[in-house]
Amino acid sequence: MSDELYLEQTINKIQPIDETSRRACLKGWDQMGKPLHSLGKLETLWAQLAGIQRTVHPSVAKRALVVMCADNGVVAEGVTQTGQEVTAIVAENFFDDLTCTSLLCKKNNCDQFVVDIGMVSDTPRTIRRKVAYGTKNMAKEPAMTRAEALAAIRAGIEMAEQLKKEGYQILATGEMGIGNTTTSSAVTAVLLKDIISRGRSNENATHIDACVEAVTGRGAGLSDDGLERKKNAIRCAIAINQPDPADPIDVLEKVGGFDLAGLAGVFLGGAAAGLPVVIDGFISLTAALLAARISPGCAAYMIPSHQSKEPGAKLILEALHLEPGLCMDMCLGEGSGAVALLPFLDMAAEIYEHMGTFDDIHVEAYEDFQV
């Protein structure tokens with residue numbers, strides 16, 4: 001089956017979440033012996049999980065982090081502090097508990113699946129789903145072909161399908177790829193062009209200049225000169241390749257990365273399989289935006305974890321109408337924020353399943369005046 005047809009069939013499998021289960025879960029929270037809605041997003045997130053899993057007793061006991069690893073040719077433009085060799089080094093470090101996120105996974109009983117979807121070198125322990133040995137330099141030519149973009153999306157979909165078959169109940173998303181805040185900024189600038197441009201343009205800047213300024217941050221700690229090189233590379237890539245905002249796969253092909261494509265596939269595949277997928281930071285959010293533009297129905301299966309310090313993150317959250325659970329100024333990536341949300345979901349589960357109701361504690365139930 002062609003990758004394009006495979007994607008079409010995946011999209012057709014995505015169904016609305018079960019509102020009956022979601023509402024029943026919210027009603028269950030209201031019956032507990034505490035002030036109504038007093039646990040805030042713990043209640044609404046747990047109810048969303050009920051709707052996704054189509055049960056009033058959802059579970060996140062078996063969880064996995066999917067880390068998509070890829071390299072980006074745009075690093076040739078001097079947009080990063082480090083070279084591409086760091087991608088492979090960190091990818092292998094996951095297996096030796098030498099990354100922040102691998103330690104978070106160990107603490108939170110979360111299995112790791114580290115996927116080579118496009119690194120410039122081969123590594124011994126990563127899952128091999130390599131589409132190509134890195135993307136091209138988007139400041140000179142399209143980052144990838146459309147066929148490569150579709151193949152990378154399919155790889156992400158298939159990862160989600162496989163993990164569903166293995167009994168996983170929730171997926172977290174992560175990535176590793178030097179230069180990927182540059183590609184993410186480019187994709188975001190194009191996809192949110194109309195939203196960002198309203199009221200932001202001036203006589204001295206084009207709409208796309210305003211968009212690039214609005215979404216581009218320092219990544220892993222660029223100097224002022226480095227940040228300007230990064231912005232110039234993004235402007236150049238958009239000007240040369242002319243990605244079509246109405247075609248998210250064209251945007252991915254022209255100025256994206258294989259990690260973004262793979263993660264977009266995880267979001268799409270998770271939704272098709274009825275799996276909640278936790279969004280991490282800016283790169284993961286960009287992939288979520290791509291997935292939602294490809295199939296808007298998948299957004300209901302997305303769980304936002306935190307708001308990254310990268311400026312584009314807040315804009316994407318607003319565009320997707322999502323509110324993050326955590327605001328802790330995190331910007332590490334690799335799935336760190338997504339995994340950090342898991343203990344909060346565990347606490348929600350414990351309370352929801354075991355807390356006494358108003359009847360249990362012989363207290364008159366609160367009346368909801370906010371309905």
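This structure is a prediction, so every number in the text was calculated from the model and none was measured. Positions are given from 1, in the same order as the sequence printed here.
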So CZ of R22 and CD1 of I17: to nearest 0.5 Å the spacing works out to 6.0 Å

Using side chain to side chain contact (heavy atoms under 4.5 Å, CB included) as the criterion, point out the one residue from I279, D280, D329, L285 that pairs with H306.
D280

Taking everything shown except K27 itself, do over 12 heavy atoms lie less than 6.0 Å from its NZ?
no

On the 0 to 90° scale, with breaks at 30° and 60°, tag the F113-Y168 ring pair as parallel, tilted or perpendicular.
perpendicular

Looking at side-chain heavy atoms only, is the closest gap between I52 and L275 below 4.5 Å?
no

Heavy-atom side-chain contact between P245 and D194 under 4.5 Å:
no

Between the side chains of T357 and Q31, is a donor N or O closer than 3.5 angstrom to an acceptor N or O?
no

Scan D244, D247, D3 and name whichever one has a salt bridge (Lys or Arg N to Asp or Glu O under 4.0 Å) with R146.
D247

Return yes if some donor-acceptor pair links the side-chain N/O of Q307 with the main-chain N/O of C327 below 3.5 Å, else return no.
no

Are any of the side-chain nitrogens in E161 or K164 under 4.0 Å away from the carboxylate oxygens of its partner?
no

Is the shortest side-chain heavy-atom distance between F95 and T126 below 4.5 Å?
yes

Answer yes or no: is there a side-chain heavy-atom contact under 4.5 Å between R125 and D96?
yes

Smallest heavy-atom separation, I11 atom then I294 atom, equals CD1-CG2, 3.7 Å

Is the count of non-hydrogen atoms from other residues, nucleotides or ligands lying under 6.0 Å from K34 atom NZ greater than 12?
yes

Apply side-chain hydrogen bond (donor to acceptor under 3.5 Å, both in side chains) to N232 and R229, showing your working.
CA-CA 5 Å; N232 285 336; R229 285 195 299 274; over 6 Å; no

Report the C-alpha separation of D122 and Y133 in whole Å, then their side-chain angles, then the decisive distance to 0.1 Å, and conclude whether the side-chain hydrogen bond (donor to acceptor under 3.5 Å, both in side chains) test is met.
CA-CA 9 Å; D122 297 326; Y133 284 87; 3.0 Å; yes

Is any side-chain heavy atom of T173 closer than 4.5 Å to a side-chain heavy atom of V66?
no

Side chains of N137 and E77 in contact at under 4.5 Å (non-hydrogen atoms)
yes

Sort out for me which residue in T87, D259, T80 forms a side-chain hydrogen bond (donor to acceptor under 3.5 Å, both in side chains) with N180.
D259

Close side-chain approach of E334 and V90, heavy atoms under 4.5 Å
yes

Give the cluster check for V120 versus I89: same hydrophobic cluster or not, with ILVMFWY residues linked at side-chain heavy-atom distances below 4.5 Å.
no

Please check if the number of heavy atoms outside E318 that lie under 6.0 Å from its CD is greater than 12.
yes

Strictly below 4.0 Å, N to O, side chains only: are E148 and K136 in salt-bridge contact?
no

A side-chain contact here means heavy atoms from C-beta on lying under 4.5 Å apart; do D71 and M119 qualify?
yes

Is it true that L341 and L332 fall in one hydrophobic cluster, defined by side-chain heavy atoms closer than 4.5 Å?
no

Check whether more than 12 heavy atoms from other residues, nucleotides or ligands sit under 6.0 Å from atom CE of M328, and answer yes or no.
no

Using every non-hydrogen atom in the two residues, find where L326 and G337 come nearest and quote the distance to one decimal.
CD1-O, 4.4 Å

Please say which of R128, K130, M68 ends up in a side chain to side chain contact (heavy atoms under 4.5 Å, CB included) with V115.
M68

